[in-house]
**Student:** 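Can you keep this structure in mind? I'll have questions shortly.
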Protein chains: 2
Amino acid sequence: MTARSSRRGPYVCGIDAALDVVSGKWKGLILWELDAHHVRRFAQLRRGLPGVSEKMLTQHLREMEEDGLVHREVFAEVPPRVEYSLTEHGRTLNQALGSLGAWGIERIDREGSEVVATGETSHARTR
Amino acid sequence: MTARSSRRGPYVCGIDAALDVVSGKWKGLILWELDAHHVRRFAQLRRGLPGVSEKMLTQHLREMEEDGLVHREVFAEVPPRVEYSLTEHGRTLNQALGSLGAWGIERIDREGSEVVATGETSHARTR
DNA sequence: CGGTATCCGAATTGATACTG
DNA sequence: CAGTATCAATTCGGATACCG
């Protein structure tokens, strides 16, 4: 029940509706990680998002699941295993984010801002 | 000095960098208004964004100016006049947001969420 | 007209500890 | 391993009030 209000309000336009779904400090990155790796476990995602807390990761993942972006599969094993992946909607959203990502790369380039590597795959590709 | 920290940190990928620039409750809409009208004065923008306060509008406008998205032109007249328009970067960003907007429209459609009109131009176009 | 300054409550994010 | 619970800190957003 943590902070589910104020989201999903009536939207003024499609950009509004799309941004609502990717707002949050880590959602863009989660989308990115899941797109790159197809399937990821909780701990893998946490390692891929340096600085994220378990709470925020869980919270974002739940919201994205609720939004139909992410699929969560629980395996009844010991030790427990949970795998996250993108749904069809999540994949199309990622494609839509593609051009935005390209714009961002150019912006980073222009401003000479620094891009930090996560130690995993190269994230600064243009798709 | 109002809340300028914590933004423009090192980015993990282009989507990160782009989302940083459009986060904020009204930035997407400001971009949209300026794209549709080309040039807008402060009061016109305020009317185009029903519910926004002067503070938030100023704050967002300043950040977007700092990010090189918006051009601000002050005329030394009485009464004072200030005109806002998109820069080249702002226009390309808007194009990149186009596919995201289309995705959002589909999402609204799928979920049956409501789209509220602002009373100005039709914002729900697909571009 | 086009802002700025200040205060306040709400929402978001973070740190830490604990659990099945 | 994959979370949940709790509390604290930070940030966001809105309501005035005032200024060049």
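These values consider heavy atoms only, across backbone and side chains, with no hydrogens, waters or symmetry-generated copies.
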**Student:** Could you tell me the separation between the CD atom of B/Glu65 and the P atom of C/dG2, rounded to a whole number of Å?
**Tutor:**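 These atoms are roughly 15 Å apart.
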**Student:** Starting from C1' on D/dA15, measure out to CG on B/Leu57 and report it in whole angstrom.
**Tutor:**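 Interatomic distance, CG of B/Leu57 to C1' of D/dA15: 16 Å.
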**Student:** Write out a two-atom table: protein N or O, nucleotide N or O from nucleotides 16-19 of chain C, distance below 3.5 Å.
**Tutor:**
none

**Student:** What pairs of residues pass the salt bridge (charged side-chain N to carboxylate O under 4.0 Å, His left out) test when at least one of them lies in residues 69-80 of chain B, not counting sequence neighbours?
**Tutor:**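 Listed once each, the pairs are B/Glu77-B/Arg81.
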**Student:** Return the minimal non-hydrogen interatomic distance between A/Leu29 and B/Cys13, and the atom names on each side.
**Tutor:**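 It is CD1-SG, 3.8 Å.
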**Student:** Quick one: is C/dG2 close enough that its OP1 or OP2 comes under 4.0 Å of any side-chain N or O from B/Arg41?
**Tutor:**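 Looking at the OP1 and OP2 atoms of C/dG2, one of them is under 4.0 Å from a side-chain N or O of B/Arg41.
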**Student:** Let me know, please, whether A/Pro80 or A/Met56 comes out on the 5' side of the other along DNA chain C by nearest nucleotide.
**Tutor:**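 Between the two, 5'-proximity favours A/Met56.
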**Student:** With a 4.0 Å cutoff (strictly under), does any side-chain N or O of A/Trp26 reach OP1 or OP2 of C/dT12?
**Tutor:**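 For A/Trp26, the contact criterion (side-chain N or O under 4.0 Å from OP1 or OP2 of C/dT12) is not met.
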**Student:** Check whether any side-chain heavy atom of B/Leu45 lies under 4.5 Å from a side-chain heavy atom of B/Leu61, and answer yes or no.
**Tutor:**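 With C-beta onward as the side chain, the pair touches.
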**Student:** Look at A/Arg72 and D/dG3 and indicate whether a side-chain polar atom (N or O) is within less than 4.0 Å of OP1 or OP2.
**Tutor:**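 True: A/Arg72 side-chain N/O within range (under 4.0 Å) of D/dG3 OP1/OP2.
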**Student:** B/Pro79 has a side chain; which of C/dC1, D/dG3, C/dG3 sits nearest to it?
**Tutor:**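 Ranking C/dC1, D/dG3, C/dG3 by closest atom to the B/Pro79 side chain puts C/dC1 first.
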**Student:** Within the structure provided, determine whether A/Leu31 and A/Met64 are in side-chain contact (heavy-atom separation under 4.5 Å).
**Tutor:**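 They are in contact (side-chain heavy atoms under 4.5 Å apart), so the answer is yes.
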**Student:** So B/Ile105 and B/Asp109, do their side chains get closer than 4.5 Å, heavy atoms only?
**Tutor:**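 No, their side chains stay 4.5 Å or more apart.
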**Student:** When the distance from CD of A/Glu83 to C1' of D/dG3 is rounded to whole Å, what number comes out?
**Tutor:**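 Distance check: A/Glu83 CD to D/dG3 C1' gives 16 Å.
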**Student:** Which nucleotide in the set C/dG2, D/dG3, C/dG3 lies at the smallest distance from any side-chain heavy atom of B/Arg62?
**Tutor:**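 Per side-chain heavy atoms of B/Arg62, the pick is C/dG3.
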**Student:** Can you confirm whether B/Phe42 sits close enough to B/Glu54 that some side-chain heavy atom of one is under 4.5 Å from a side-chain heavy atom of the other?
**Tutor:**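 Touching, per the 4.5 Å side-chain cut-off.
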**Student:** Could you point out which residue of A/Arg110, A/Arg107, A/Glu106 forms a side chain to side chain donor-acceptor pair (under 3.5 Å) with B/His89?
**Tutor:**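 When side chain to side chain donor-acceptor pair (under 3.5 Å) is applied between B/His89 and each of A/Arg110, A/Arg107, A/Glu106, only A/Arg110 qualifies.
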**Student:** Figure out the NZ/C1' separation between B/Lys25 and D/dT11, and round it to whole Å.
**Tutor:**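 For the pair B/Lys25 NZ and D/dT11 C1', the rounded distance is 14 Å.
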**Student:** Find the distance B/Arg46:CZ to D/dA15:C1' and express it as a whole number of Å.
**Tutor:**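 Checked: the CZ to C1' distance equals 14 Å.
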**Student:** For A/Ser85 and A/Val39, which heavy atoms make the closest approach, and how far apart are they?
**Tutor:**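 What the structure gives for the nearest pair is CB-CG2, 4.3 Å.
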**Student:** Expressed in angstrom and rounded to an integer, what is the separation of A/Leu45 atom CG from D/dC1 atom P?
**Tutor:**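 Distance check: A/Leu45 CG to D/dC1 P gives 14 Å.
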**Student:** Could you report the tightest heavy-atom contact between B/Trp103 and A/Ala96, atom names first, then the distance?
**Tutor:**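 Distance-wise, the nearest heavy atoms are CB-CB, 4.1 Å.
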**Student:** Kindly indicate whether the side chain of B/Lys25, heavy atoms from C-beta on, has any atom under 4.5 Å from the side chain of B/Met56.
**Tutor:**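 No, too far: nothing below the 4.5 Å cut-off.
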**Student:** Quantify the bending of the helix from C/dC1-D/dG20 to C/dG20-D/dC1 as the angle between its end axes, each fitted on five pairs, to 10°.
**Tutor:**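 Its terminal axes enclose an angle near 50°.
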**Student:** Counting just side-chain N and O atoms, does A/Tyr84 come under 4.0 Å of either OP1 or OP2 of D/dG3?
**Tutor:**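 For D/dG3, OP1/OP2 do have a side-chain N/O of A/Tyr84 under 4.0 Å.
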**Student:** With a 4.0 Å cutoff (strictly under), does any side-chain N or O of B/Arg47 reach OP1 or OP2 of C/dC1?
**Tutor:**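 Answer no for this pair, as no side-chain N or O of B/Arg47 is under 4.0 Å from OP1 or OP2.
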**Student:** For A/Gln59 and D/dT4, what is the distance between atoms CD and P respectively, to the nearest whole Å?
**Tutor:**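 Interatomic distance, CD of A/Gln59 to P of D/dT4: 10 Å.
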**Student:** Over how many whole Å does the gap from A/His60 atom NE2 to D/dG3 atom C1' extend?
**Tutor:**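 Going from NE2 in A/His60 over to C1' in D/dG3 covers 16 Å.
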